[in-house]
Amino acid sequence: MTRNLLEDFEARGLIHNSTDRAALNDALESGSVSLYHGIDPTADSLHIGSFIGVLAMRRFQDHGHRPIALVGGSTGMVGDPGGRSDERNLLDEDTLARNVAGIKNQLARFLDFDGTSENAARLVNNFDWTGDVPVLDFLRDVGKHITVNQMMAKDSVKSRLESENGISFTEFSYMLLQAFDYWWLHENMSATLQIGGSDQWGNITAGTELIRKRSGGSAHALTWPLLVRSDGAKFGKSQAGNIWLDAERTLPYEFHQYFLRVPDDDVERMLLQLTLLAVDDVLEIAAAHHAAPEQRLGQQRLADEVTALVHGAQAVEQANLAAAAMFGNADLNVEMVESLRGIIPETTINNADYDTEQNAVSLLVACGLCKSNSDARRKLGENQIAVNRVKRQDTDLKRSDLLGERYLLIQMGKKNRHLIIVDG
RNA sequence: GGGUCGGUGCCCGAGUGGCCAAAGGGAACGGGCUGUAAACCCGUCGGCAUUGCCUUCGGAGGUUCAAAUCCUCCUCGGCCCA
């Protein structure tokens with residue numbers, strides 16, 4: 001079955017709301033559209049929560065449209081009041097510049113920025129056009145067109161008004177800045193569509209309204225539902241925090257594991273929204289998964305696909321290899337352990353330091369698995385720790401415990417592990 | 001500026017002179033059960049140390065044999081008034 005772009009989005013559950021759907025469809029089918037999507041530069045890496053938006057841009061580009069990724073240098077300094085109960089910390093300019101650079105780097109893996117192609121993606125920073133706007137101009141040209149009533153109607157603003165910490169004028173003004181961005185991109189880069197998560201709807205339509213009132217132009221809005229997990233956990237968060245796209249922040253193995261553990265109910269939707277697999281293929285996989293959920297075919301495919309997109313095919317191979325070493329039945333051998341190098345966290349210690357008393361405790365603390373000696377002893381006592389896949393309670397590790405005379409694979413439960421390498 | 005209520009462990013939140021390292025809940029970690037799932041049950045959850053000691057309840061002082069709890073000053077926040 002062939003679907004046009006909007007139908008494809010629909011089938012993937014990527015449409016939450018849009019302005020005039022028929023008009024938008026006409027525009028998308030009749031030529032190349034410039035569309036923009038804003039990304040918050042709160043860190044120097046994207047996380048999986050923003051991935052859905054990145055892929056959305058990719059889908060548009062694949063259909064011949066031109067994505068404009070806006071990294072919010074200015075808006076990052078102000079902060080969107082959405083999704084938080086208290087005031088956000090403002091980023092300074094240096095941090096922002098670093099974050100913007102890091103994000104651009106990552107986007108290049110998913111979008112074609114090649115200037116020679118017709119619909120090359122663009123990266124813009126709204127600081128470039130908002131940084132020097134005089135306050136009076138802004139109030140007159142932007143503020144005049146948007147009513148406070150409209151701004152107060154926004155859910156995120158409303159809830160913050162009722163919260164005990166209140167909301168600063170700065171964050172309250174966020175909507176104006178975003179509206180201004182859309183207007184500017186509409187004027188200067190012919191953007192006629194803005195896409196974003198459903199929490200952005202108010203901000204986006206403020207922009208379409210500004211465009212209409214100030215320039216008499218028309219522009220579209222399209223939002224997707226925010227991705228939440230069926231178990232209520234915040235999507236993209238693990239016990240360690242965000243799932244980052246950056247391999248340094250979230251090792252590819254952990255990244256892969258995260259998707260391997262996704263609840264059944266989320267598998268199909270994530271396959272649709274976080275991979276580039278064709279909708280019909282996903283439906284087939286989902287059906288197979290549903291027939292035998294205990295085999296976790298869906299999770300496996302999801303983990304492989306997303307990891308391949310973000311980290312490449314080789315990372316997928318390594319992650320699966322590592323999983324075999326960690327969870328498999330085969331005896332642990334040196335080759336398996338060596339295959340874990342670079343995939344799981346590792347700590348190297350000096351040969352001479354190995355034979356200390358109670359070295360299990362100090363090793364657990366040194367590698368970060370335990371936060372203090374007490375913690376390490378406690379966990380050992382509770383049978384939480386396995387060394388080279390064997391549960392251990394004693395604190396004494398001997399030379400003979402070293403695999404290949406230099407490796408210790410320390411596991412704490414199913415999720416935490418660390419490789420100790422004795423050097424020399 | 002005036003008044004008032006409040007700042008407790010990762011978060012929420014009890015505690016209002018000793019029985020407090022501090023209830024309860026959440027989060028987190030582990031175990032059991034499972035499908036490396038969910039739900040559920042159990043354990044742990046300041047630090048050091050082989051049952052004792054040390055440091056915590058916004059900050060600094062003070063009262064007391066003894067303070068998270070009382071007093072003083074400072075600081076930060078909510079609400080009301082101006």
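Atom set for the values below is all heavy atoms of this structure, side chains included, hydrogens, waters and symmetry mates excluded. Residue numbers start from 1 in every chain, and the chains themselves are labelled A, B, ... in the order their sequence lines are given, proteins ahead of strands. This one's a predicted model, so the numbers in the text were calculated from it and none came from an experiment.
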G-U wobble or Watson-Crick pairing nucleotide for C40(B) (cut-off 3.5 Å, both distances): G32(B)

Whether N359(A) side chain and Y354(A) backbone form a donor-acceptor pair below 3.5 Å: yes

Whole-Å gap separating C1' (A38(B)) and CG (D266(A)): 11 Å

Main-chain N/O of I195(A) paired with H37(A) side-chain donor or acceptor, under 3.5 Å: yes

Between U8(B) and U69(B) - P atom distance, rounded Å: 13 Å

NZ/NE/NH1/NH2 to OD/OE distance under 4.0 Å, R378(A) and E382(A): no

Pairing partner (Watson-Crick or G-U wobble, both distances under 3.5 angstrom) of C65(B): G18(B)

G31(B) and G61(B), which share atom name C1', separated by this distance in whole Å: 49 Å

Whether N17(A) side chain and T223(A) backbone form a donor-acceptor pair below 3.5 Å: no

Protein-nucleotide distance (M326(A), atom CE; G35(B), atom P), rounded to Å: 21 Å

I39(A) side, atom CD1; S50(A) side, atom OG - distance, nearest 0.5 Å: 6.5 Å

Nearest-angstrom distance, P atom, G18(B) to A27(B): 32 Å

U75(B) and A60(B), which share atom name P, separated by this distance in whole Å: 15 Å

Nearest-angstrom distance, P atom, C73(B) to A82(B): 27 Å

Any donor-acceptor pair under 3.5 Å from K379(A) side chain to Q384(A) backbone: no

Integer-rounded Å distance: C29(B) C1' and I385(A) CD1: 10 Å

B/S/- contact track for nucleotides 43-48 of chain B, protein heavy atom under 4.0 Å: BSS-SB

Distance, rounded to the nearest Å, where L380(A) contributes CG and A49(B) contributes P: 14 Å

Y182(A) (side chain) donor-acceptor with Q194(A) (main chain) under 3.5 angstrom: yes

Identity of whatever pairs with G1(B) - Watson-Crick or G-U, under 3.5 angstrom: C81(B)

Residue-level proximity of residues 289-313 of chain A to RNA chain B when a heavy atom falls under 4.0 Å: P293(A), E294(A), R296(A), Q299(A)

C10(B) versus C45(B) - spacing of their P atoms, nearest Å: 14 Å

Over 12 foreign heavy atoms within 6.0 Å of CZ, R122(A): no

Qualifying side chain to side chain donor-acceptor pair (under 3.5 Å) pairs, either residue in residues 288-298 of chain A, two or more places apart: D264(A)-H289(A)

Distance, rounded to the nearest Å, where I410(A) contributes CD1 and G30(B) contributes P: 15 Å

Distance, rounded to the nearest Å, where Y258(A) contributes OH and A37(B) contributes P: 14 Å

Base-pairing assignment for C45(B) (Watson-Crick or G-U wobble, both under 3.5 Å): none

Pair partner, U72(B) [Watson-Crick or wobble, under 3.5 Å]: A60(B)

Sugar-phosphate only, base, or nothing, as touched by M412(A) at under 4.0 Å among non-hydrogen atoms: sugar-phosphate

P gap between A68(B) and G7(B), integer Å: 15 Å

Short side-chain to backbone donor-acceptor contact, R66(A) and G64(A), under 3.5 Å: no

Selected nucleotide, minimal atom distance to K379(A) side chain, candidates G35(B), C29(B), U36(B): C29(B)

C1'-based separation of A66(B) from G47(B) [nearest Å]: 23 Å

N/O donor-acceptor pair under 3.5 Å between N25(A) side chain and R21(A) backbone: no

side-chain N/O N383(A) vs G32(B) OP1/OP2, d < 4.0 Å: no

Whole-Å distance separating the CZ atom of R261(A) from the P atom of U36(B): 11 Å

Rounded distance (Å) that lies between atom C1' of U50(B) and atom CG of D396(A): 15 Å

